[in-house]
Protein chains: 2
Amino acid sequence: MSMAKTQPAIARDCAHCASRLVGLCSPLTPDVLSEVAEQATHLHYAAREAVFLQGDPARHAFTLIEGAVRLSRLLPDGRRAAIGFRLAGDLVGFTPAQEYPFSAEAMGPVTICRIERRRLDALFERHPVMKQSLLDLFTRELAATQDHVMALGRFTAEERVAGFLVSLAEAQRRRGWHGKVLDLMATRGDIADLLGLTLETVSRVFSAFKRRGLIALHGPQSVEFLDSVMLQELAVGEGCAD
Amino acid sequence: MSMAKTQPAIARDCAHCASRLVGLCSPLTPDVLSEVAEQATHLHYAAREAVFLQGDPARHAFTLIEGAVRLSRLLPDGRRAAIGFRLAGDLVGFTPAQEYPFSAEAMGPVTICRIERRRLDALFERHPVMKQSLLDLFTRELAATQDHVMALGRFTAEERVAGFLVSLAEAQRRRGWHGKVLDLMATRGDIADLLGLTLETVSRVFSAFKRRGLIALHGPQSVEFLDSVMLQELAVGEGCAD
DNA sequence: CGACCTGTTGAAATATATCAAACATGGTGG
DNA sequence: CCACCATGTTTGATATATTTCAACAGGTCG
């Protein structure tokens, strides 16, 4: 099952990967990029497998090539809260801290590009321009997490699910996706952990949205947007709720 | 009532203030510090007054000299969620974004040190060391916000209130406070907005803690810790709940 | 085929919200 | 000094959103 780590094949096309370091490397020249590429490794993970665990020494940073991962924290009694989902192109697990502050688990089959943190730090030393990019990244991440706080603190279950759908669609759109049919890449349980709900509630909300003609389901993971306007309104807390 | 903004007296002792830029300036030399001090202004705000509002152009950054402010977002229908509280010494409203992503309101009488963002940016240009400090600051802030997500998503009302008390005590301890009696500096409503609860629920939880001998109240804003161990356990989600 | 996982749906339980009243407190002005 | 008001707090009764517990359905995979 966990043969993933046994195949750290050096990637040939990792320049592609490196350039995707969420724009971190965009100020860099091609030769620097290929230098980065040589230091990186491609890995594969199966669904539910952990990329790293909360508390592990943060020796690597990752960029997702394909698939999606869930960043989450676990309580001693089993309660789980997801901090967020990360999709292809996202930087994962890069922290100035000594240990990862949360776990990262593959939500489906995942291909990921791994680089040693030491090397990344060195890269930052030599190319201070990147620090600005990193600061911007952290700023966006902070803003997103604050949105999340708003949602968990004051939104109803329906508003949270609508918000999840809308922002996932937005994230995919930034990745070139278009159309009306969205692949969730997450189980009801994953979504529940993200939204601070139970999986049953999430399922009920999907059913309610379907009944009201806001969405259609083609299989539980495949959502078609029928009334994006209404969903958007719900998502920002202006929904009429009826 | 709002004569605050009419008294932007240049502060003489603002080097003290500048040095408190949450360690941002710790790598700087004294002469640079006094240079910063000359560019900063002291302001006073009355309770409930806004230091800045969500959406305002982010033209200034602030450091709290005295008092406490609430960072919050407001929904069109009046629901409010607080992102966090900031205490003396904290940096507030410094964002790379164009607009403030949330509002900042004084929770009581507040003295604050204001500096133009332009000047702060220039300072960062000239002293790149500070970027590292800023990155560390953002990292801590991100981690704190993620804790908040965990709390709002999976903690019960009692766990959230216990967590609030413990982390406020911790914050005050870092500021040199010691002892057992804590000044909340926040109304029940403020705390409710922070924890995603109603003010009535917060009040009931305080009463329950009092009944169980975990705390004593000397006036509604003054909390005495009687059983810190139990509170701590509740705060991290290991509480036995009885 | 049976075991298993994910999802759906129902009925009951419960934590928290909502609505409402009474109680303190501090300031203000007569 | 007292009456008065605004603001915050406590507490009670009730309502409700969401959870919990439970049963079942549809895939998939060995």
Side-chain angles (χ1 to χ4, degrees), chain A residues 1 46-49 70 77-81 107-109 151-162 183-211 215-223 234 237 239 241-242, chain B residues 1 46-49 70 77-81 105-109 151-162 183-211 215-223 234 237 239 241-242:
Chain A
M1 46 188 67
R48 310 274 115 194
E49 223 179 335
R70 168 186 81 187
D77 65 352
R79 283 177 287 180
R80 163 178 285 127
M107 298 202 293
L152 294 180
R154 289 299 180 216
F155 279 6
T156 65
E158 296 205 340
E159 288 167 335
R160 293 182 212 186
V161 174
D183 181 14
L184 296 182
M185 295 179 298
T187 67
R188 300 290 182 267
D190 290 329
I191 300 170
D193 287 338
L194 182 71
L195 302 180
L197 302 167
T198 61
L199 65 92
E200 293 96 332
T201 300
V202 173
S203 176
R204 280 185 242 271
V205 172
F206 272 101
S207 300
F209 283 178
K210 199 169 62 174
R211 224 177 309 119
I215 61 171
L217 291 173
H218 308 93
Q221 306 267 79
S222 176
V223 178
L234 267 174
D242 61 326
Chain B
M1 46 187 68
R48 310 277 114 192
E49 222 178 335
R70 168 187 79 186
D77 65 353
R79 283 178 286 180
R80 165 178 284 128
E105 291 135 329
M107 298 201 293
L152 294 180
R154 291 299 182 216
F155 279 7
T156 65
E158 297 205 341
E159 287 167 336
R160 295 182 211 188
V161 173
D183 181 14
L184 295 182
M185 295 179 300
T187 67
R188 300 289 182 265
D190 289 330
I191 300 170
D193 287 337
L194 183 71
L195 302 181
L197 302 168
T198 60
L199 66 90
E200 293 95 331
T201 300
V202 173
S203 176
R204 279 185 242 271
V205 171
F206 273 101
S207 300
F209 283 177
K210 200 169 62 175
R211 225 177 307 118
I215 61 171
L217 290 174
H218 313 319
Q221 307 267 86
S222 177
V223 177
L234 267 175
D242 60 328

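The structure presented is a predicted model; accordingly, all values stated were derived computationally and were not measured.
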### Query
So which one's nearest nucleotide on DNA chain C is more toward 5', A/S207 or A/R154?
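So the residue in question is A/S207.
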### Message
Could you walk me through whether B/D190 and B/R80 satisfy the salt bridge (Lys or Arg N to Asp or Glu O under 4.0 Å) test, starting with their C-alpha distance in whole Å, then the side-chain angles of each, then the deciding distance to 0.1 Å, before giving a yes or no?
### Response
CA-CA 10 Å; B/D190 289 330; B/R80 165 178 284 128; over 6 Å; no
So, for [X] and [Y], which heavy atoms are closest and what is the spacing to 0.1 Å?
X      : Y      : value
A/D77  : B/G237 : OD2-O, 4.2 Å
B/A186 : B/I191 : CB-CG1, 4.0 Å
A/E158 : A/A208 : OE2-CB, 4.0 Å
A/L234 : A/A162 : CB-CB, 3.7 Å
B/T201 : B/A157 : CG2-CB, 3.9 Å
B/A106 : B/A46  : CB-O, 3.5 Å

### Query
Within the distance-only criterion (no hydrogens, no angle test), does the side chain of B/D193 pair as donor or acceptor with the backbone N or O of B/L195 below 3.5 angstrom?
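Not confirmed, B/D193 side chain does not pair with B/L195 backbone.
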### Message
I'd like to know if the side chain of A/R154 and the backbone of B/L197 have a donor-acceptor N/O pair within less than 3.5 Å.
### Response
yes
### From CA spacing to verdict: side chain to side chain contact (heavy atoms under 4.5 Å, CB included), B/V161, B/R204
CA-CA 11 Å; B/V161 173; B/R204 279 185 242 271; over 6 Å; no
### Close approaches to DNA chain D from residues 185-197 of chain A, in residue order (heavy atom, under 4.0 Å)
A/G196, A/L197
Whole angstrom is fine here: how far is it from [atom1] in [X] over to [atom2] in [N]?
X      : N      : atom1 : atom2 : value
A/I215 : C/dG7  : CD1   : P     : 13 Å
B/E158 : C/dT14 : CD    : P     : 16 Å
A/H218 : D/dG27 : NE2   : P     : 15 Å
A/L199 : D/dA22 : CG    : P     : 15 Å
B/F155 : D/dT19 : CZ    : P     : 16 Å

### Message
Using the rule given for side chain to side chain contact (heavy atoms under 4.5 Å, CB included), can you reason through A/R48 versus A/R70, listing the C-alpha separation, both sets of side-chain angles and the distance that settles it, and then say yes or no?
### Response
CA-CA 9 Å; A/R48 310 274 115 194; A/R70 168 186 81 187; 3.8 Å; yes
### Query
Counting side-chain heavy atoms from CB outward, which of D/dT9, D/dT18, D/dT11 is closest to A/T156?
D/dT18
### Message
Would you compute the distance between atom CZ of B/F209 and atom CG of B/L217 and round it to the nearest 0.5 angstrom?
### Response
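Result: 11.0 Å between the selected atoms.
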So which protein N/O to nucleotides 18-26 of chain C N/O distances come out below 3.5 Å?
{"unit_1": "C/dT18", "atom_1": "O4", "unit_2": "B/R204", "atom_2": "NH2", "d": "2.8"}
{"unit_1": "C/dC19", "atom_1": "N4", "unit_2": "B/E200", "atom_2": "OE2", "d": "3.2"}

### Message
With nearest nucleotide decided by heavy atoms, which residue, B/F206 or A/R160, maps closer to the 5′ end of DNA chain D?
### Response
B/F206
### Task
Look at B/Q221 and D/dG8 and indicate whether a side-chain polar atom (N or O) is within less than 4.0 Å of OP1 or OP2.
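For D/dG8, OP1/OP2 do not have a side-chain N/O of B/Q221 under 4.0 Å.
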### Query
Using the C1' atoms of five pairs at each end, what's the angle between the two axes of the helix from C/dC1-D/dG30 to C/dG30-D/dC1, to 10 degrees?
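The helix from C/dC1-D/dG30 to C/dG30-D/dC1 shows an end-to-end axis angle of 30°.
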Check the interface with nucleotides 28-30 of chain D: list each N/O to N/O pair with the protein under 3.5 Å, or write none.
none

### Any residue meeting side chain to side chain donor-acceptor pair (under 3.5 Å) with B/T156, in chain and number order, not counting sequence neighbours
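Here the qualifying residues are B/E159.
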### Message
Once side chain to side chain donor-acceptor pair (under 3.5 Å) is applied, do any residues pair with B/R188, and if so which ones, sequence neighbours excluded?
### Response
none
